[in-house]
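Chain identifiers are assigned alphabetically (A, B, ...) following the order of the sequence lines, protein sequences preceding nucleic acid strands; residue numbering begins at 1 within each chain. Please read all numbers here as calculations on a predicted model, not as lab measurements.
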Amino acid sequence: MTVPNLGTGERNESSTPPPNFISTIIDEDLQSGKHKTVITRFPPEPNGYLHIGHAKSICINFGLASAYNGRCHLRFDDTNPTKEETEYVETIKESVRWLGFDWGEHLYYASDYFEQLYHWAEELIQKGKAYVDDLTADQIREYRGTLTEPGKESPYRQRSTEENLDLFRRMRAGEFPDGSRVLRAKIDMASPNMNLRDPVMYRILHATHPHTGDDWNIYPMYDYAHGQSDSIEGITHSICTLEFEDHRPLYEWFIEQLGIYRPQQIEFARLNLTYSVMSKRKLLELVKEGNVSGWDDPRMPTLVGMRRRGYTPESIRNFCERIGVGRNDSWIDMSILEESVREDLNERAPRVMGVLRPLRLVIDNYPEQMTEEFDAANHPNKPEMGSRKVPFSRVVYIEKDDFMEEPAKGYFRLAPGREVRLRYAYIVQCVGVVKDENTGEVVEVHCTYDPETRGGSTPDGRKIKGTIHWVSARHSIQAEVRLYDRLFTVPNPGGDRNGPDWKSCLNPASIERIGSCRMEPCLASAEPESRYQFERQGYFYVDPSDSSPGAPVFNRTVTLRDSWAKSGG
RNA sequence: UGGGGCGUCGCCAAGCGGUAAGGCACCGGAUUUUGAUUCCGGCACUCCCAGGUUCGAUCCCUGGCGCCCCAGCCA
């Protein structure tokens, strides 16, 4: 596996995924001599953006190729020019690269094989295995039968080879209007497998294709193109999701009729993530209807969205490794994804102090003009990450949550009469509050500090239970922070047949923008795409699109674990 | 009611006839100037159910039950 350094601070990493049922099959194939090398492929349709579900497939395909020193092709399944666009091709390539994979020279398009596919179609006609059907789409549907009743044969099924060939060539030549005829495989209209009831191979589409331009007036169906594309590329293990299992007999039928190399298809269960939706259709709908700001909205499970949220490629790869590969329909708990980023970011994100919801704290006995600088570690467990100076003065901001006039049971932050440690600075004791005359809300807290506790130490050995973060009012900078939460309020949006529609499960609190946050001064120069841990808050990513020099915008990637909040605090 | 799959801890997931790995979640407890991290410890006498084969079955057989997918000129 090649993990290119894209200059975003990503680590290099090489790992072999744990064994699973697919690698077991590959082991057997290698041992039996059926294959000498492993060639897989990731075959996206360029009609949308890649999401975390695709990441699973990418990790499986590229991961296997790398583990066995084989290779993985990137092939765009561009068989439907009415739905696909070139803009998606570049974004998809970039996402695969960002995830850390490299297809080398092996970039392909199904459209590269259109001519070959066409010749094979003529071959099938010649063998009496395919025919041109004049039935309308509706009629074809009627003739197909149902799950429990066999279909009936089209009246055009017995056309002569000559007529079929003539018609098919004229379809290619553009003599007929869209939808007027199709080429069908002649298999079995009574097959219990619907895919074998004379499936459509070609449809007439007078559309301009991103790659082949106006060369074609007919386009192959995915089912006719996919298997042969794999065959052409010499794919040894064609890995796809479960819903294509029923199509395998069809792919193999084409391969057999044509007498060409047969790749082995292996199906696995697609990824479902709780509190999320994964279908392209639904994601597109969210984008189009403005429920999110775009494909790269940090709440989207798209790779571009997750990237903007602050997820690292490593964390996503690690996630894919953790969830495993199997054939059970499963719903992966969001916490596994979250824990994957935390694990990564905990190691690499420098710590910093930022106050999201500022509350003024005045230290009555601290000299008005005085300023001190305290040394703050960039990482508590990694001295090699160094430290920085944080300015301190008489007025600081603390988090609103870190003060309670009437402290709840078990609360050990600041409250009237109580002591708390201002991280790296001093122990302070609350001696009074100032309230808003009208609302009664505490707008300012007054404290005294203990000069003996400089740096936050307690020379007398007294135990201070609470340590809170702060920022000097005079020295801090203002910044915007965006707090993101799960996009849906229920684990399986729309999954309950009798429950609410998936879109009514959207979480209204999935984003909260706070423009009045106060941060320690070093953050004025925070680089776009860099990551920090705001102590006691979570991990944040400097938004590359909305930040400007000196005015960073921080996206919360994920919160820190919070056993106090969890316990009901 | 046709065909194809799947059923091991709350969520994933190993296991492939010899007596239930691991991760996430959860619950303790230690360390901690992040209620973070780290660290220890706990967490399925049981593998959808019922029969059968076997000295022995989560793994084999039979019969149930439950869930998912398939009736696009989408992929």
Side-chain angles (χ1 to χ4, degrees), chain A residues 18-20 24 43-45 47 77 79-80 82-84 133 135-137 140-142 144-151 178-184 190-197 199-205 219 221-223 225-226 241-249 267 269 274 280-281 321-340 342-343 346-347 351 353 376-377 379-381 410-413 421-425 427 453 455-458 464-469 491 533-538 559-567 569:
Chain A
N20 56 56
T24 301
E45 182 191 12
N47 72 339
D77 269 331
T79 55
N80 189 345
T82 66
K83 293 197 172 180
E84 296 145 9
D133 196 347
L135 252 28
T136 65
I140 286 181
R141 188 179 317 115
E142 286 165 31
R144 185 150 33 222
T146 68
L147 295 179
T148 51
E149 304 162 71
D178 284 6
S180 57
R181 287 175 228 266
V182 292
L183 181 73
R184 292 231 252 171
S191 172
N193 182 342
M194 300 296 279
N195 296 117
L196 265 21
R197 319 248 261 224
V200 172
M201 293 164 60
Y202 274 91
R203 71 292 218 183
I204 299 172
L205 247 32
Y219 290 93
M221 297 291 290
Y222 172 87
D223 275 352
H226 193 78
T241 44
L242 253 25
E243 67 270 28
F244 291 104
E245 188 152 26
D246 283 347
H247 298 239
R248 193 172 62 209
E267 308 85 8
T274 56
K280 275 190 199 171
R281 195 206 98 225
E321 201 162 288
R322 286 182 183 195
I323 60 176
V325 184
R327 292 173 64 88
N328 300 337
D329 287 316
S330 61
W331 281 84
I332 303 295
D333 202 288
M334 191 66 115
S335 64
I336 297 182
L337 219 208
E338 293 178 342
E339 205 35 43
S340 298
R342 288 197 191 102
E343 183 183 289
N346 175 48
E347 289 295 313
R351 277 53 317 200
M353 292 195 285
H379 191 118
N381 313 322
Y411 184 81
F412 50 72
R413 276 107 95 158
R421 171 186 291 110
L422 293 181
R423 173 147 242 226
Y424 298 123
I427 308 296
T453 59
S457 61
T458 50
I464 301 295
K465 199 86 191 286
T467 297
I468 65 177
H469 60 280
Q533 182 201 96
F534 286 2
E535 294 209 23
R536 307 206 306 132
Q537 298 285 176
T559 61
L560 252 31
R561 289 181 63 195
D562 186 349
S563 52
W564 166 244
K566 197 169 291 173
S567 70

Spacing of the C1' atoms in U31(B) and G10(B) (rounded, Å)
30 Å
Considering every strand and a 4.0 Å limit on heavy-atom distances, what is the contact class for Phe244(A): base, sugar-phosphate, or nothing?
base
Contact class for Gln533(A) vs. all strands (heavy atom < 4.0 Å): base, sugar-phosphate, or nothing?
base
For G72(B), take OP1 and OP2 only and decide whether either is under 4.0 Å from a side-chain N or O of Arg197(A).
no
Does any donor-acceptor pair link the side chain of Arg248(A) with the base of G4(B) at a separation under 3.5 Å?
no
Between the base of G35(B) and the side chain of Asp562(A), is one N or O donor paired with an acceptor at under 3.5 angstrom?
no
With both distances kept under 3.5 Å, what pairs with C60(B), Watson-Crick or G-U wobble?
G52(B)
Verify the contact: side-chain N or O of Arg327(A) to OP1 or OP2 of C6(B), cut-off strictly under 4.0 Å; return yes or no.
yes
Roughly how many Å apart are G7(B) and C16(B), using the P atom of each and rounding to a whole number?
15 Å
So, is Lys280(A) near the phosphate of C74(B), with a side-chain N or O under 4.0 Å from OP1 or OP2?
no
Heavy-atom nearest nucleotide on RNA chain B taken for Thr148(A) and for Lys566(A); more 5' hit belongs to Thr148(A)
Does G22(B) have a Watson-Crick or wobble partner in any strand here, with both distances under 3.5 angstrom, and which is it?
C12(B)
Classify the nucleic acid contact of Arg342(A) as base, sugar-phosphate or nothing, counting any heavy atom under 4.0 Å across all strands shown.
nothing
Scanning all shown strands, the Watson-Crick or wobble mate of C65(B) with both distances under 3.5 Å is G7(B)
On a whole-Å scale, what distance lies between the C1' atoms belonging to A71(B) and C11(B)?
34 Å
Looking at Asn328(A), I'd like to know whether one of its side-chain N or O atoms comes within less than 4.0 Å of OP1 or OP2 on C6(B).
no
Kindly say whether Ser191(A) contributes a backbone atom to a donor-acceptor pair with the side chain of Arg197(A) at under 3.5 angstrom?
yes
Considering every strand shown, what is the Watson-Crick or G-U wobble mate of U34(B) when both distances are under 3.5 Å?
none
Identify the nucleotide, in any strand shown, that forms a Watson-Crick or G-U wobble pair with C39(B), with both distances under 3.5 Å; if there is none, say none.
G29(B)
